[in-house]
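Side chains included, hydrogens not; waters and symmetry mates left out as well; all remaining heavy atoms used. The structure presented is a predicted model; accordingly, all values stated were derived computationally and were not measured.
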Amino acid sequence: MGLWLAQHKRGLVQIEGCARGVVDSENNEVRLFLDYIKRLDAECQLNMAPFAFEGPTGKQAPCASILSVPTKTLSVIIPAYNEQERLPATLQEIISYLHRRRDREGPYFTYEVIVVDDGSDDGTPCVAASFVRKNGSDAIRVLRLPHNRGKGFAGLSDTLLLCTADPIRLAPIGCYHTAPGAVKVGMLCSRGQRLLMMDADGATQVSDMERLEERLADGIVGSVGVVGDNPGVIGSGMVLGSRAHLKESAMSKRNALRNFLTHAFHLMVTMVIGNHIRDTQCGFKLFTRAAAQQLYRNLRLQRWCFDVELVYLAQQLKVPMAEVQVNWTEMAGSKIRPTSVMHMATELLTFKIAYTGGFWRLKVDV
């Protein structure tokens, strides 16, 4: 940890010096890092206009944009990478819940489920497409990315594919200078007044979303006041599902290495964004449409720490936040590895330097 702090301080000095033009021109490491920061910034500049959706009949229709007027009550965005085993149960639970809720609340409760396949090389796209056939392409939409890039990725010159009811016929819906990915593309193409991000493993039950909605309805009290009088329709707000209350029981079930990596990551996060939010990494977050517009159009990180950047962006853009306890089950098949903490440290260092050094600037217009 001391080494990370030293590298953090040294990196800030070198990058700031490079920005002033005083770093040796042969300092390739710094210049490569600068190029990386600039590339992430370029990939953030998204143009939504060319998106199109090919429905089951083959007709082309423009894909929705986060900047357009919402036409659904709720959008559920699920990033999925090699999830053919866990995705079916998760989707079935979500659809059953949404059907029950529509029966309870009436026809004015409308929804869409967006599965974003992050370049899977197993049967994940076919599994998701089978749910499109059963439920229709208005209720279930499957976006496919050509390569695995992470939940927050937006990759240069990739082609975005939207899966129709036929899992073999994948309709290209736009080749961009920048084509967004994973959670970000789902958010940017959503139609909901409220937008829920949840993981494909089903670790948190979708019904816990009502706890997050209640928090929005009660109003999020923060530095800029209270958000709205009803769930996510007015104002800007973000509610994060939290597993912090389950910390002791979860740690007792994990091995010592996993617990050490968790502690190390939390310490680094605290040093970068403070400790106002106790659990940044829970894959269960609810956004008002206004909040999603502000946050995801500024999101640059691609993998582990995009959740941390979301919290940082909310702090900078004065988007009120709150944490709500959710039920959570430790699921088999975790993709966290011992090397993950080093990638996390690199991403935290990257966005701290990029924002502090003025390389990344916030877009505040919606």
### Query
Is the side chain of W360 donor-acceptor paired with the backbone N or O of N298 at a distance under 3.5 Å, no angle test?
no

### Query
Is S236 reaching over with its side chain to a backbone N or O of V319, donor-acceptor style, under 3.5 angstrom?
no

### Query
Can E213 and R101 be counted as an ion pair, charged N to O under 4.0 angstrom?
yes

### Query
Do you know which of E210, R102, Q92 makes side-chain hydrogen bond (donor to acceptor under 3.5 Å, both in side chains) with Y97?
E210

### Message
Keeping D208 on the side-chain end and N327 on the backbone end, is there a donor-acceptor pair under 3.5 Å?
### Response
yes

### Message
Closer than 4.0 angstrom, basic N to acidic O: yes or no for R278 and E323?
### Response
no

#### Entry: Short side-chain to backbone donor-acceptor contact, K285 and T280, under 3.5 Å
yes

### Query
Can you tell me if S130 uses its side chain to pair, donor with acceptor, with the backbone of V127 under 3.5 Å?
yes

#### Entry: Presence of salt bridge, E112 and R191, under 4.0 angstrom
yes

### Query
With sequence neighbours excluded, what pairs up with S68 under the side chain to side chain contact (heavy atoms under 4.5 Å, CB included) test?
S65, R289

### Task
Could you tell me whether the side chain of D117 and the main chain of P125 form a donor-acceptor pair under 3.5 Å?
no

### Message
Checking the side chain of Q293 only, and the main-chain atoms of I66 only, is there a donor and an acceptor separated by less than 3.5 Å?
### Response
yes

### Query
Is a side-chain N or O of T73 found less than 3.5 angstrom from the main chain of Y108, in a donor-acceptor match?
yes

### Summary
Checking L91, V142, L196, I114 against I78 for side-chain contact (heavy atoms from CB on, under 4.5 Å), the one that qualifies is L91

### Query
Would you say D199's side chain and D201's backbone share a donor-acceptor pair under 3.5 angstrom?
no

### Query
Applying the side-chain contact (heavy atoms from CB on, under 4.5 Å) test to N135, which of V113, I140, L98 qualifies?
I140

#### Entry: Short side-chain to backbone donor-acceptor contact, T124 and E83, under 3.5 Å
yes

### Message
Among M198, R211, M197, exactly one meets side-chain contact (heavy atoms from CB on, under 4.5 Å) together with F284. Which residue is that?
### Response
M198

### Query
Is the closest basic N to carboxylate O distance between E309 and K184 below 4.0 Å?
no

